[in-house]
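Structure first, commentary second.
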Amino acid sequence: MGRNQKTITNINETNFTDLTPPAEENLCYFLRINITTGILGESSILSLQTHSLEADPVHLNQPQITNNSIHFSWGKSSMPYFSHYEISYSNFAPNISGYGEQNVVVAKITDINTTSFIDTNPPYLEKPFYKINVYDIFGNKTYDYHDDLTVSREVNFTRNEIININKVQSFTIHPSKPFVYFYGDTDADNTFKIRKFNYKTNSLETISSEPSNTYTNLSIQFYNSNYGEEIFLDQGGELYVYDANSLKFKYNLKSVHYFSINDFLYTKSGFWILIDGDDIYTFSRNGSKLNLIDKKSHFSEHQSSYNYNIIEIQNNQFLLGHPKESSSILYEINSDGFLTILNSSVNIPLSYTSQKEMEFNSTKNIIVNHNNNKIYSSNNFSSIQNYQNPVTSFRMNSDGSTIFGTNNNPNWSINDESKHKKEAVFFNVTSNLVNTFETKGYPLIIFENHEKEIISISSGMKRESFMRNINNKSDLFIEIIK
């Protein structure tokens, strides 16, 4: 601890202000009186805990926006123990707290005379809250809210890349164009619709004409058949069919042979496969009509709805599984659409979410379970490889050489201290090498597009998944990693 002293020779001077104290948690002061012959006496020690000092706020002026830059200015601090100004943004107002609240510091300014700052890289966040705090040398900072001064502003700025959607139930990707289809709602309409977003132009191209009225846990799916490019949405046992270009509602596909749809698939050979809680069905399609071809029972035990998972592999074969079943069933479909059970106990448990965590790669004849980071042979269904990184696995590239993901764990809490990184992790299946790439946002889904570009659906702020915004502030966007 340092020691400062002040000598006062004027007998009429009876007060003292220490303008240059040491930056310590505790300060001790005492008064010593000296006369010509020595020390006359000393006072008792006065102890001061510096955290009790209150920092003085400054007024934050209305920010000015120029293109993708936000200009801030504020009043000069008159605080004697000034350390620095701090500019930060958040997804919550400063006087409000909630789950997922995050505060990000963008500038620390140590020159007391500098009263402006330009944020040339604003966050990927709809109308962010900015605030200014003033710190003293003891670490005290100004409060985030004051009755007589404005220290924070909700800035009316949103990047063009931000996708205006509040809740995403599912999505699907166009295989040959730069489109991602999102199924969800916004605060404005509070109605679930399909939205087609062009990630090359950062534009919302169209919204489905027919809103959905029934909740579904199944993902929307894109299929290209002799009826053109279409988007399919489960609605209470019916498949709503939309034109993939205009998102105009065409009609619904329905059959009297089943009550509900737990999963569905359009096969490479041109047949429709639907699953309910007890049976598997194959259909041919004639416009808006589904014509039953075959029906077979699957698992003997009736499991919970929507958790069945069907995945097509090679040679007109496909696997059907359920998270509560320890094995899967291997089927073959012939040229007439009839089913044959080839193996009723394949040792590949199929997990399920609305994002289809099982993936087949025809180049290498492998099946990847992105839920448990395992790779299986689709020839003999043996487990051939495990991988540790990426921790959260998303998709594989077209030649089966690389798995894309992130080391952000979806089970982590969302706060300022969590270890989330703006980083993509690539795992090379052949060499077992792991490469990382810096990203603009936090990757939530990574995939390879038709031009072999690596694309990420990212969020500007930390979040558990892309399913729901935090504090109703949009922050989803799509970026090209490489």
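- Residues passing the side chain to side chain contact (heavy atoms under 4.5 Å, CB included) test with Ser474, sequence neighbours excluded: Glu126, Ile162, Asn164, Asn469.
- Within a 6.0 Å radius of CD in Glu25, no more than 12 heavy atoms belonging to other residues, nucleotides or ligands are found.
- Here Ile310 contributes atom CD1 and Ile275 contributes atom CD1; the two are 4.0 Å apart, rounded to the nearest 0.5 Å.
- A donor-acceptor pair under 3.5 Å links the side-chain atoms of Gln102 to the main chain of Gly100, judged by distance alone.
- Here Arg153 pairs with nothing under the salt bridge (Lys or Arg N to Asp or Glu O under 4.0 Å) rule; sequence neighbours left out.
- Side chain of Glu312 to main chain of Leu265: no donor-acceptor pair is present (N/O by atom type, distance under 3.5 Å, no hydrogens or angles).
- Because its NZ or CZ atom is not both nearer than 6.0 Å to the ring centre of Phe182 and within 45° of the ring axis, Arg195 does not count as a cation-pi partner of that residue.
- Proximity of a side-chain donor or acceptor of Asn133 to a complementary backbone N or O of Glu86 within less than 3.5 Å is not detected.
- With sequence neighbours excluded, the residues forming a salt bridge (Lys or Arg N to Asp or Glu O under 4.0 Å) with Lys250 are Glu230, listed by chain and number.
- Under the 4.5 Å side-chain criterion, counting only non-hydrogen atoms from C-beta, Ile478 is in contact with Ile457.
- Residues Asn140 and Tyr81 bring no donor and acceptor atom of their side chains to less than 3.5 Å of each other.
- Not one N or O on the side chain of Lys462 forms a donor-acceptor pair closer than 3.5 Å with the backbone of His420.
- Looking only at distances, no side-chain donor or acceptor of Thr142 sits under 3.5 Å from a matching main-chain atom of Pro57.
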Worked check of side-chain contact (heavy atoms from CB on, under 4.5 Å) between Phe82 and Val134:
CA-CA 8 Å; Phe82 173 87; Val134 186; 3.9 Å; yes
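- Without hydrogens or angle criteria, Glu325 side chain to Phe299 main chain gives no donor-acceptor distance under 3.5 Å.
- Few gaps surround CG on Asp148; more than 12 heavy atoms of other groups in view lie less than 6.0 Å from it.
- Partners of Lys200 by salt bridge (Lys or Arg N to Asp or Glu O under 4.0 Å), not counting sequence neighbours, listed by chain and number: Glu451, Glu453.
- Within a 6.0 Å radius of OH in Tyr29, more than 12 heavy atoms belonging to other residues, nucleotides or ligands are found.
- Enclosure of atom CG in Asn386 by more than 12 non-hydrogen atoms of other residues, nucleotides or ligands within 6.0 angstrom is indicated.
- Side-chain contact between Ile87 and Tyr130 is present, with at least one heavy-atom pair separated by less than 4.5 Å.
- Counting only heavy atoms from C-beta outward, the side chains of Cys28 and Ser47 approach each other to under 4.5 Å.
- Between Tyr308 and His298, the ring planes are tilted. Angles from 30° to 60° get that label.
- With sequence neighbours excluded, the residues that form a ring pair (Phe, Tyr, Trp, His ring centres under 6.0 Å) with Phe437 are Phe426.
- Put simply, the side chain of Ile366 reaches to within 4.5 Å of the side chain of Met396, judged on heavy atoms.
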So Tyr183 and Phe192, ring pair (Phe, Tyr, Trp, His ring centres under 6.0 Å) or not? Walk me through it.
CA-CA 7 Å; Tyr183 175 59; Phe192 275 75; 5.5 Å; yes
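- Contact check on Lys473 versus Glu154 returns a salt bridge, with a Lys/Arg side-chain nitrogen under 4.0 Å from an Asp/Glu carboxylate oxygen.
- For Ser43 (side chain) and Leu31 (main-chain N/O), a donor-acceptor pair under 3.5 Å exists by modelled atom type.
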Under the side-chain contact (heavy atoms from CB on, under 4.5 Å) rule, what do Ile455 and Glu448 come out as? Steps first, then yes or no, please.
CA-CA 6 Å; Ile455 309 297; Glu448 180 186 75; over 6 Å; no
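- The aromatic rings of Tyr242 and Tyr240 sit tilted relative to each other, their planes meeting at an angle between 30° and 60°.
- Put simply, CG on Asn389 and CD1 on Ile403 are 11.5 Å apart, with the number rounded to the nearest 0.5 Å.
- Taking NE2 from His84 and NZ from Lys108, the interatomic distance works out to 5.0 Å, rounded to the nearest 0.5 Å.
- Annotation: side chain of Ser465 is not in contact with side chain of Arg463 (no heavy-atom distance under 4.5 Å).
- Counted within 6.0 Å of NZ on Lys421, heavy atoms from surrounding residues, nucleotides or ligands total 12 or fewer; the atom is thus considered open.
- Contact detail for Pro21 and Phe138: the closest heavy-atom pair is CG-CZ, 3.7 Å.
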Which is it for Tyr89 and Asn91 under the side-chain contact (heavy atoms from CB on, under 4.5 Å) test, yes or no, and what are the steps along the way?
CA-CA 7 Å; Tyr89 67 81; Asn91 52 351; over 6 Å; no
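- Ring pair Phe447/Tyr199 is perpendicular by interplanar angle, where above 60° counts as perpendicular and below 30° as parallel.
- Qualifying ring pair (Phe, Tyr, Trp, His ring centres under 6.0 Å) partners for Tyr387, counting only residues two or more places apart in sequence or in other chains: Phe427.
- Looking at Thr406 and Asn408, their side chains do bring a donor and an acceptor atom within 3.5 Å of each other.
- A distance of 13.0 Å separates CD1 of Ile414 from CD of Glu101, quoted to the nearest 0.5 Å.
- Side chain of Ser219 to backbone of Phe171: a donor-acceptor contact under 3.5 angstrom is found.
- Pro390 and Phe404 make their closest contact through CG-C, 4.1 Å (heavy atoms, listed as atom of the first residue, atom of the second, distance).
- With hydrogens and angles ignored, the 3.5 Å screen pairs no side-chain donor or acceptor of Glu238 with any backbone N or O of Asn252.
- Checked by atom type and distance alone, the side chain of Asp111 pairs as donor or acceptor with a backbone atom of Asn113 at under 3.5 Å.
- Side chains of Asn397 and Lys452 form no contact here, defined as non-hydrogen atoms less than 4.5 Å apart.
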Please assess Tyr376 against Ser383 for the test side-chain contact (heavy atoms from CB on, under 4.5 Å), listing each intermediate value before the final yes or no.
CA-CA 4 Å; Tyr376 301 87; Ser383 175; 4.0 Å; yes
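- Taking the six-membered ring where tryptophan is involved, the planes of Trp272 and Tyr223 are perpendicular, since the angle between them exceeds 60° and thus also 30°.
- Looking at heavy atoms from C-beta onward, Arg159 lies in side-chain contact with Asn68 at the 4.5 angstrom threshold.
- When all heavy atoms are compared, the tightest approach of Ala424 to Ile481 is CB-CD1, 3.8 Å.
- With respect to Asp144 and Lys131, a salt bridge is recorded, a charged nitrogen being found less than 4.0 Å from a carboxylate O.
- Taking CD from Glu438 and CD from Glu423, the interatomic distance works out to 8.5 Å, rounded to the nearest 0.5 Å.
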In sequence, state the C-alpha distance, the side-chain angles, and the governing distance for Ser73 and Asn61, and then conclude on side-chain hydrogen bond (donor to acceptor under 3.5 Å, both in side chains).
CA-CA 6 Å; Ser73 63; Asn61 299 321; 3.0 Å; yes
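- In this structure the side chain of Ile231 reaches within 4.5 angstrom of the side chain of Leu247, judged on heavy atoms.
- Across Gly237 and Lys254, no two heavy atoms sit closer than the pair O-CD, 3.5 Å.
- Phe477 and Tyr124 have parallel rings, their planes meeting at less than 30° on a 0 to 90° scale where 60° marks the start of perpendicular.
- Remark: Trp74 CH2 to His59 NE2 distance equals 13.0 Å, nearest 0.5 Å.
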